[in-house]
Visitor: 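Quick one: this structure, given as structure tokens, is what I'll be asking you about.
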Amino acid sequence: MLDLTTLNKPQLAAVRQIEGALLLLAGAGSGKTRVITYRIAYMILSKEIPPENILAVTFTNKAANEMKERVEDLVGKARTKGMIVSTFHSLCVRILRLEIEKLGYKRNFSIYSSADQVGLIRQIVREIYHGDKKIDSEKILWIISAAKNGLIGHEQFSPKKGDEYELLASKVYPRYRSALKAFNALDFDDIIMLTIELFERFSDILDRWQERFRYIMVDEYQDTNAAQFLLIKLLAAKYRNLCVVGDDDQSIYGWRGADVGNILDFEKDYSGCRLIKLEQNYRSTGNILKAANSVIKNNKQRTGKTLWTDCGAGKLIDMMVAQDDEEEATTVVERIQMERFKNDLSYGDFAVLYRANAQSRAFEEQLRYENIPYLLIGGMEFYERKEVKDSLSYLKAISNPSDEVALLRVINFPRRGIGDGTVIKINQWSVEQGCQLFEAFGRVGQIPGISVATGDLVLGFHAQLIESRQRLQKKGGLAAKVQELFKTLGIEEELYRTIDDPASARRRVENVEQIVNAAAAYEERTANPTLAGFLEKVSLLDDGHYPGMGKKIPGSDAVVLMSLHSSKGLEFPYVFLAGLEEGNLPHSKSIDEGFSIDEERRLCYVGITRARRHLTITRCLYRKKYGKLQERYPSRFLEELPEELLNHQKGAMAAAATEAEADKMASNFFARMQSMLVA
DNA sequence: GTTGCGTTTATTTTT
DNA sequence: TAAACGCAAC
């Protein structure tokens, strides 16, 4: 039976409130995940609710997997069969794979990454804009994506007056939409939006899924946007057993369309809902919580929670001022070394958090120099790398030949002598003829202006794709087939040929090999592995946590580097919060473009509350920007920290009270390092 | 069609 | 500073 005695009062109340609407306001470190997992376990074990009627939605795969494992630990794997714990996007893809034909797409649709989206938009802009200004396609994508997240279709979209980008976006939007459909592809926003469309147009389908998910839980509800809100509203409308969990103080995705209003208005949207607050913090020391509370209380619009702990005050918060970003990195790394030796810690106990991914560089360099293992989360993702994308595009083009973005990417990779001129001619012809690009490849002989020699190259490519498709659609040995395909294509040789530096060429070859490893890992843990299934996993992946993928070596002990955004939901014994300067945190974009400073403050709050035992805050007097030094000023958030919580430092060695002590510590430190090296 | 060089331009956060 | 782009030579 489930042991509920370890839960505190509000936690227990939340676990036992199964029916109806429940708003669970869970402060940082208040045991939120524990409550959700116990709640699911309670449903299954005590209320005998069939697991297939339970749905839990999260924002990241990592959170979903963790939650699933923890429920399985509580009730046993056999009793969770049919329960769905997944991200919004995975859930919707799952639904769409079954039902999307109703909307005129094929079931083997591709999912476009943001880079794919930008590429497509760039192409459309080239077709319709003939002015002489250079156009930032990413900006247009932002406008379209914001519209989609707000559930504004291309028919309803009306550009803000006087804004040329809005105007251009209004012209691009419908074409973008129809291009995606013609390519049988969805972007991230479509995944949610089309699921809603499906539910709104086909009430029988909605009804079926409502029957399936009688009990729904949504984690990180403060991060939901208008589309996600509506999706949940539709699914929960019949049984109204909806529990949303979140923390308005940790709402940091407003820029992506998330609406804190969704959580603030929950009580209005679901009248008769019950509200439970979790305010006891089990993570951090008293001083860390005091610091966090005194920063966040400066925000106006809040539900008002105050975190408390009975774990004692702990150490003061270290405040370090460095000359420049390089010194900031060396000081932080020195301190990590020192604390590690002093307290017998592992590298994995430390995290360095920052506002912008670009800040990771200095830390990376220093950690590499000191030979300290580190794990970099975010930034240039594994799948964003050119060689990885080119190789994956092959698989995408094979899986969905309508995917023209993928086709165009690989038509001349590896180099086979089909240049831009030819591609443009084929593309134009296919548009005129109203046939798909892939078909046009096969009919290249009919296209005027292409030499027979070049035409043969195109036909060769076409034939190779068809042949590969037949081979890869057959069941079994997916990873082996992928490996064979890459070998036939000569990707390895191509990389060695085009990259001057052999070491970096080697690294890239290894990256491509990782795809094969990932396919093998996927094949191993999936009942009916298919190429499309593998590609879907890859597209919806959030970070490098997939087995056999990316930079994470399982079980490795490494210092973690990541942005404040990616740190939400995580905790570390020792946290370094770097670059607390005006223009960085708060970021200049939010200062001068009128975006909310409150969201930046929440970001700061998230950073502080990641720390369990000790927090170090750093800032620089100067920082390199565009290659030259720039003066920096302390962040306004630093003034919001009570002076009595701070311990001002000059550098790592200043942690020791006296010079003699510092000397002693230094010699100890080096002695231990020596013995480490010898051993 | 491909390669290499010089010029430009950008740095928020991401499912 | 360094990556990304455009243009000219091969």
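Convention: sequence-line order gives letters A, B, ...; per-chain numbering from 1.
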Visitor: Classify the ring geometry between Y522(A) and F534(A) as parallel (under 30°), tilted (30 to 60°) or perpendicular (over 60°).
Guide: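 Ring orientation, 0 to 90° scale: tilted.
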Visitor: Measure all distances between protein nitrogen or oxygen atoms and nitrogen or oxygen atoms of nucleotides 5-10 of chain B, and list the pairs falling under 3.5 Å.
Guide:
none

Visitor: Applying side chain to side chain contact (heavy atoms under 4.5 Å, CB included), can you list everything that pairs with E166(A), at least two apart in sequence or on another chain?
Guide: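 Per chain and number, E166(A) pairs via side chain to side chain contact (heavy atoms under 4.5 Å, CB included) with I143(A), F157(A), P159(A), K160(A), D163(A).
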Visitor: Using 30° and 60° as the class boundaries, would you call the ring planes of Y221(A) and F266(A) parallel, tilted or perpendicular?
Guide: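 Ring orientation, 0 to 90° scale: perpendicular.
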Visitor: Measure the distance from CD on E220(A) to P on dT13(B) and round it to the nearest whole Å.
Guide: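 Atom CD in E220(A) sits about 20 Å away from atom P in dT13(B).
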Visitor: Which one, dG1(B), dT3(B), dT15(B), comes nearest to the side chain of R415(A)?
Guide: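 Looking only at side-chain atoms, R415(A) lies closest to dT3(B).
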Visitor: If you look at every strand shown and take non-hydrogen atoms under 4.0 Å, does R361(A) touch a base, only sugar-phosphate, or nothing?
Guide: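 Since only primed, P, OP1 and OP2 atoms lie under 4.0 Å of R361(A), the category is sugar-phosphate.
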Visitor: Start with the C-alpha gap between S590(A) and E600(A), add the side-chain angles, then the distance that decides, and say whether side-chain hydrogen bond (donor to acceptor under 3.5 Å, both in side chains) holds.
Guide: CA-CA 8 Å; S590(A) 7; E600(A) 298 289 308; 3.0 Å; yes
Visitor: Could you state the atom-to-atom distance from NZ of K386(A) to P of dA3(C) in whole Å?
Guide: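 The answer, rounded to whole Å, is 15 Å.
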Visitor: Is S566(A) near enough to dT13(B) that one of its side-chain N or O atoms lies under 4.0 angstrom from OP1 or OP2?
Guide: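 For dT13(B), neither OP1 nor OP2 has a side-chain N or O of S566(A) closer than 4.0 Å.
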Visitor: To the nearest angstrom, how far is K568(A) atom NZ from dT15(B) atom P?
Guide: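 The distance from NZ of K568(A) to P of dT15(B) comes to 11 Å, rounded to the nearest Å.
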Visitor: Contact class for N412(A) (heavy atom, under 4.0 Å): base, sugar-phosphate, or nothing?
Guide: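 If one applies the 4.0 Å heavy-atom cut-off, N412(A) turns out to touch the sugar-phosphate alone, with no base involved.
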Visitor: Categorize A358(A) for me: base, sugar-phosphate, or nothing, with a 4.0 angstrom heavy-atom threshold over every strand shown.
Guide: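 Result for A358(A) = base.
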Visitor: CG of L395(A) to CD1 of I515(A): how many Å apart, nearest 0.5 Å?
Guide: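 Going from CG on L395(A) over to CD1 on I515(A), the span is 7.0 Å.
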Visitor: Please check the phosphate of dT15(B) (OP1 and OP2 only) for any side-chain N or O of N225(A) closer than 4.0 Å.
Guide: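 For dT15(B), neither OP1 nor OP2 has a side-chain N or O of N225(A) closer than 4.0 Å.
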Visitor: Using side-chain heavy atoms (C-beta onward) and a distance below 4.5 Å, is L264(A) in contact with Q301(A)?
Guide: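 Heavy-atom side-chain distance check passes, below 4.5 Å.
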Visitor: Nearest to the T87(A) side chain among dT14(B), dT15(B), dC5(C), which nucleotide is it?
Guide: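 The closest nucleotide is dT15(B).
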Visitor: Of all the nucleotides listed (dG1(B), dA3(C), dT14(B)), which has the minimum atom distance to the side chain of Y253(A)?
Guide: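 Side chain of Y253(A) sits closest to dT14(B).
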Visitor: For dT3(B), does OP1 or OP2 lie under 4.0 Å from any side-chain N or O of R497(A)?
Guide: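 Answer yes for this pair, as a side-chain N or O of R497(A) is under 4.0 Å from OP1 or OP2.
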Visitor: Taking only N and O in the side chain of N149(A), is any of them less than 4.0 Å away from OP1 or OP2 of dT15(B)?
Guide: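 So the side chain of N149(A) is outside the cut-off, no N or O lying under 4.0 Å from OP1 or OP2 of dT15(B).
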Visitor: dT15(B) C1' sits how many Å from I377(A) CD1, rounded?
Guide: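 Between C1' of dT15(B) and CD1 of I377(A): 15 Å.
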Visitor: Could you give the CG-to-P distance, from L577(A) to dT13(B), as a whole number of Å?
Guide: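 In whole Å, dT13(B) P and L577(A) CG are 16 Å from each other.
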Visitor: Assess whether one donor atom and one acceptor atom, taken from the side chain of H565(A) and the base of dT14(B), lie less than 3.5 Å apart.
Guide: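 No such pair is found, so the answer is no.
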Visitor: Report, one line per pair, each donor and acceptor closer than 3.5 Å where one atom sits in a side chain of residues 184-196 of chain A; sequence neighbours left out.
Guide:
from: N184(A); atom 1: OD1; to: K106(A); atom 2: N; distance (Å): 3.0
from: N184(A); atom 1: ND2; to: N108(A); atom 2: OD1; distance (Å): 2.9
from: D187(A); atom 1: OD1; to: K148(A); atom 2: NZ; distance (Å): 3.3
from: D187(A); atom 1: OD1; to: D189(A); atom 2: N; distance (Å): 3.1
from: D187(A); atom 1: OD1; to: D190(A); atom 2: N; distance (Å): 2.7
from: D187(A); atom 1: OD2; to: K148(A); atom 2: NZ; distance (Å): 2.7
from: D187(A); atom 1: OD2; to: Y176(A); atom 2: OH; distance (Å): 2.8
from: D189(A); atom 1: OD2; to: S145(A); atom 2: OG; distance (Å): 2.8
from: D190(A); atom 1: OD1; to: K148(A); atom 2: NZ; distance (Å): 2.8
from: D190(A); atom 1: OD2; to: K148(A); atom 2: NZ; distance (Å): 3.4
from: D190(A); atom 1: OD2; to: D187(A); atom 2: N; distance (Å): 3.2
from: T195(A); atom 1: OG1; to: I191(A); atom 2: O; distance (Å): 2.6

Visitor: In whole angstrom, give the distance that lies between atom CG of L231(A) and atom P of dT15(B).
Guide: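 L231(A) atom CG is separated from dT15(B) atom P by 19 Å.
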Visitor: Rounded to whole Å, please give me the gap between CG in D223(A) and P in dT13(B).
Guide: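 In whole Å, dT13(B) P lies 17 Å from D223(A) CG.
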Visitor: Which nucleotide in the set dG1(B), dT15(B), dT13(B) lies at the smallest distance from any side-chain heavy atom of T454(A)?
Guide: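 Side chain of T454(A) sits closest to dG1(B).
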Visitor: Once you round it to whole Å, what is the distance between C1' of dT14(B) and CG of N61(A)?
Guide: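 Taking CG of N61(A) and C1' of dT14(B), I get 13 Å after rounding.
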